[in-house]
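Hydrogens, waters and symmetry mates are skipped; everything else that's a heavy atom, side chains included, is used.
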Amino acid sequence: MSALTDQDELTPELQKAIQEIVDSGFTGVSLRVHDERGQWAGSTGVAELGQTAKPPTNGHVRIGSNTKTFTATLVLQLVAEGKIGLDTPAAGYLPEFGLDERITVRMLLQHTSGVFNFTGDYYPEYVPGIVWSGQEWVDNRFTTYRPQELVELALSKPARFEPGTGWSYSNTNYVLARLLIEKVTGRPLAEEMQRLILGPLGLSDTVVPDTSPEIPEPYAHAYYRYQDKTVDVTRQNPSWISTGGDMISTTQDLHTFISALLSGKLLPAPLLAEMCTPHPTGIPNMDYGLGVFVLTTDDGGTLITHNGGIAGHGALMYSTPDGGKTLTAALNYVDDAALSLAEAFQKATQKLVKEVFGGGQPTQ
């Protein structure tokens with residue numbers, strides 16, 4: 001593969017696709033595509049409201065739930081090292097929480113534990129959890145929460161279903177995964193992430209922030225709107241979401257990570273196969289493995305993906321199952337409690353994915 005640089009601009013079709021995302025209401029988008037011919041990167045929109053500069057093509061962004069893919073990979077690496085059993089009850093590692101003994105490590109990574117989602121959940125009516133939107137969140141966005149607090153809040157609510165009998169996306173599963181990693185290794189999550197993923201892959205622009213509100217330069221700004229106020233929330237303490245979505249990265253590092261992961265550089269083949277084995281979610285054409293969504297495209301192809309959004313920042317990460325072709329993107333926008341941009345975002349993203357992958361890679 002030829003070593004192309006960021007100066008290899010996006011095709012007119014891709015530029016049009018990201019412009020449509022900005023036209024739908026987003027502040028800015030930067031996109032990176034890698035395939036067998038090289039790489040293309042570009043951006044559109046603005047990095048900051050009221051300014052004219054475009055978002056940096058490789059700026060830092062809060063990647064939201066893409067954090068889950070890093071975390072699941074780390075757990076599976078510790079499975080490979082013999083420190084964690086994938087089908088071992090999580091309660092054996094974390095006895096302090098009184099977890100249901102039937103919940104295994106696999107169920108945490110797969111979202112089949114039934115544990116309440118601490119950011120709010122449905123029974124089927126909505127039950128709120130920790131405050132993460134509205135003026136109350138904006139006013140308290142530098143508050144520190146410890147992972148144990150988030151888990152205890154979740155466990156104070158009834159389970160969604162019996163362990164292993166359903167699927168429900170829950171940030172709590174991944175905070176438990178973090179605590180599990182720290183318990184079995186005796187080291188902070190950030191150190192283990194550095195040892196097993198960030199260091200070996202040279203991901204020097206990827207950060208595990210814990211409670212730090214800072215984001216390295218360069219970056220596009222993130223915003224939150226409530227009532228008639230729009231607030232810059234680029235700096236915030238992400239401990240309210242913890243390993244559910246706190247990491248910071250760039251489109252280049254996300255490409256390097258997902259490509260290395262799926263081409264077999266981080267996990268033994270049997271564990272990578274387990275990670276990408278689809279479990280039904282009830283979402284059309286979108287199943288879940290262990291820390292990744294397994295997407296079936298319109299013509300029956302398969303893509304491995306995880307996307308994430310957190311208070312005005314978002315990240316996309318898509319790949320063919322062999323890691324050979326990837327799409328990664330960073331978004332900045334004005335968020336609000338109604339998630340007003342969700343539908344427009346979904347439509348524009350689908351168009352972008354179709355433009356890059358066509359139908360995706362046929363399932364073997």
Assess the residue pair Asp121 and Arg160 against the criterion (salt bridge (charged side-chain N to carboxylate O under 4.0 Å, His left out)); give the C-alpha distance rounded to whole Å, side-chain angles, the decisive distance to 0.1 Å, and a yes or no. CA-CA 8 Å; Asp121 222 330; Arg160 282 286 302 271; 2.4 Å; yes
The test is side-chain contact (heavy atoms from CB on, under 4.5 Å); show your working for Asn307 and Phe293 and say whether it passes. CA-CA 9 Å; Asn307 296 331; Phe293 281 97; over 6 Å; no
side-chain contact (heavy atoms from CB on, under 4.5 Å) for Lys265 and Leu261? Distances and angles first, verdict last. CA-CA 6 Å; Lys265 291 180 181 148; Leu261 173 63; over 6 Å; no
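Of the N and O atoms on the side chains of Arg32 and Thr328, not one donor lies less than 3.5 Å from an acceptor on the other residue. In summary, the side chains of Lys68 and Thr71 do not present any donor paired with an acceptor at a separation below 3.5 Å, with no hydrogens or angles considered. Side-chain contact, Asp87 with Thr104: no donor N or O sits under 3.5 Å from an acceptor N or O. Tyr122 and Asn117 are not linked by any side-chain donor-acceptor pair at a separation below 3.5 angstrom, with hydrogens and angles left out of the test. In this model, a donor atom of one side chain and an acceptor atom of the other lie less than 3.5 Å apart for Ser340 and Asp336.
Other cluster members for Leu49: Tyr223, Val334, joined by side-chain heavy-atom distances under 4.5 Å among Ile, Leu, Val, Met, Phe, Trp and Tyr.
Hydrophobic clustering, with ILVMFWY side chains joined whenever heavy atoms are under 4.5 angstrom apart, keeps Phe116 apart from Ile241. Note on Leu331 and Val353: same hydrophobic cluster, where clusters join Ile, Leu, Val, Met, Phe, Trp and Tyr whose side-chain heavy atoms are under 4.5 Å apart, directly or indirectly. Taking hydrophobic clusters as Ile, Leu, Val, Met, Phe, Trp and Tyr residues chained together by side-chain heavy-atom distances below 4.5 Å, Met275 shares a cluster with Leu108. Under the 4.5 Å side-chain heavy-atom criterion for grouping Ile, Leu, Val, Met, Phe, Trp and Tyr, Val46 is not connected to Phe26 through any hydrophobic cluster. In the hydrophobic clustering of ILVMFWY residues, with side-chain heavy atoms under 4.5 Å counting as a link, Ile304 and Val33 come out together.
The CZ atom of Arg141 sits 13.5 Å away from the OG atom of Ser239 when rounded to the nearest 0.5 Å. To the nearest 0.5 Å, atom OG of residue Ser259 and atom CG of residue Leu254 are 12.0 Å apart. One distance of note links CG of Asp322 with OG1 of Thr302; it measures 11.5 Å at 0.5 Å rounding. Taken to the nearest 0.5 Å, the OG1 atom of Thr256 stands 5.5 Å off from the CG atom of Asp253. Rounding to the nearest 0.5 Å places OG of Ser319 at 5.5 Å from CD1 of Ile258. Atom OG1 of Thr206 and atom CE of Met247 lie 6.0 Å apart (nearest 0.5 Å).
Ion pair Asp210/Arg178 flagged as a salt bridge, since at least one NZ, NE, NH1 or NH2 atom sits closer than 4.0 Å to an Asp/Glu carboxylate oxygen. Salt bridge absent: Glu36 and Lys325 never bring a charged side-chain N and a carboxylate O closer than 4.0 Å. Salt-bridge check for Lys183 with Glu96: passed, with a basic side-chain N closer than 4.0 Å to an acidic carboxylate O. Salt bridge absent: Asp335 and Arg225 never bring a charged side-chain N and a carboxylate O closer than 4.0 Å. Taking a cutoff of 4.0 Å between a charged side-chain nitrogen and a carboxylate oxygen, Asp298 and Lys354 qualify as a salt bridge. Salt bridge annotation for Arg235-Glu214: present, with a cationic side-chain nitrogen under 4.0 angstrom from a carboxylate oxygen. For Arg106 and Glu274, the salt-bridge test passes: some basic side-chain N is under 4.0 Å from an acidic carboxylate O.
Shortest non-hydrogen contact noted between Ile310 and Gly245 is CD1-O, 3.7 Å. The minimum heavy-atom distance linking Glu13 with Glu355 is given by the pair CB-OE2, 3.2 Å. Shortest non-hydrogen contact noted between Gly314 and Val61 is O-CG2, 3.5 Å. Taking all atoms of both residues into account, the shortest heavy-atom contact from Val294 to Cys276 is CG2-O, 3.6 Å. The two atoms that bring Pro56 and Ala220 nearest to each other are CD-N, 4.2 Å, heavy atoms only. Across all non-hydrogen atoms, the minimal contact from Ser113 to Ile103 is CB-CG2, 3.7 Å.
Checking side-chain atoms of Thr112 against main-chain N and O of Trp167 turns up no donor-acceptor pair under 3.5 Å. No donor-acceptor pair closer than 3.5 Å links the side chain of Thr165 to the backbone N or O of Phe161.
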Atom pairs and distances, side-chain donor-acceptor, residues 277-286, under 3.5 Å, sequence neighbours left out:
residue: Thr277; atom: OG1; partner: Ala273; partner atom: O; Å: 2.6
residue: Thr281; atom: OG1; partner: Ile283; partner atom: N; Å: 2.9
residue: Thr281; atom: OG1; partner: Met286; partner atom: O; Å: 2.5

Could you pull out every donor-acceptor pair under 3.5 Å between side chains of residues 143-155 and any protein atom, sequence neighbours left out?
residue: Thr143; atom: OG1; partner: Asn140; partner atom: O; Å: 2.8
residue: Thr144; atom: OG1; partner: Asn237; partner atom: ND2; Å: 2.8
residue: Glu149; atom: OE2; partner: Arg146; partner atom: N; Å: 2.9

Without placing hydrogens or testing angles, list every side-chain donor-acceptor pair under 3.5 Å for residues 341-350, not counting sequence neighbours.
residue: Glu343; atom: OE2; partner: Lys347; partner atom: NZ; Å: 3.4
residue: Thr349; atom: OG1; partner: Phe345; partner atom: O; Å: 2.7

Below 3.5 Å, can you tabulate the donor-acceptor pairs from side chains in residues 193-203 to any protein atom, sequence neighbours excluded?
residue: Arg195; atom: NE; partner: Glu192; partner atom: OE1; Å: 3.4
residue: Arg195; atom: NE; partner: Glu192; partner atom: OE2; Å: 3.1
residue: Arg195; atom: NH1; partner: Glu81; partner atom: OE2; Å: 3.1
residue: Arg195; atom: NH2; partner: Glu81; partner atom: OE1; Å: 3.1
residue: Arg195; atom: NH2; partner: Glu81; partner atom: OE2; Å: 3.3
residue: Arg195; atom: NH2; partner: Glu192; partner atom: OE1; Å: 2.9

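Contact annotation: the side chain of Thr251 never approaches that of Leu31 to less than 4.5 Å [non-hydrogen atoms, C-beta and beyond]. Contact annotation: the side chain of Phe118 approaches that of Val175 to within less than 4.5 Å [non-hydrogen atoms, C-beta and beyond]. Contact check for Thr243 versus Val208: no side-chain heavy atoms found under the 4.5 Å cut-off. Counting heavy atoms from C-beta on, the side chains of Phe357 and Thr320 come closer than 4.5 Å. Looking at Val138 and Tyr226, their side chains come closer than 4.5 Å, going by heavy atoms from C-beta outward. Side-chain contact between Asn66 and Ser249: absent, with no pair of heavy atoms (C-beta onward) separated by less than 4.5 Å. Residues Val75 and Ile84 meet the side-chain proximity criterion, which asks for heavy atoms closer than 4.5 Å. Residues Asn171 and Asn173 are not in side-chain contact: their nearest non-hydrogen atoms beyond the backbone lie 4.5 Å or more apart.
Summarising the local packing, NZ of Lys83 is surrounded by more than 12 heavy atoms from other residues, nucleotides or ligands at distances under 6.0 Å. Within a 6.0 Å sphere centred on CD of Glu136, other residues, nucleotides and ligands contribute 12 heavy atoms or fewer.
Taking the six-membered ring for Trp and thresholds of 30 and 60 degrees, His306 and Tyr288 have ring planes more than 60 degrees apart, a perpendicular arrangement. Using the six-membered ring where Trp is involved, Phe257 and Phe70 have ring planes that are parallel, under 30° apart on the 30 and 60° scheme.
For Tyr224 and Trp137, the gap between ring centers is short of 6.0 Å. Ring centroid separation for the pair Tyr318 and His255 does not come in under the 6.0 Å cut-off.
Not counting sequence neighbours, the partners of Tyr174 by the ring-ring contact (aromatic ring centres under 6.0 Å, His included) test are His111.
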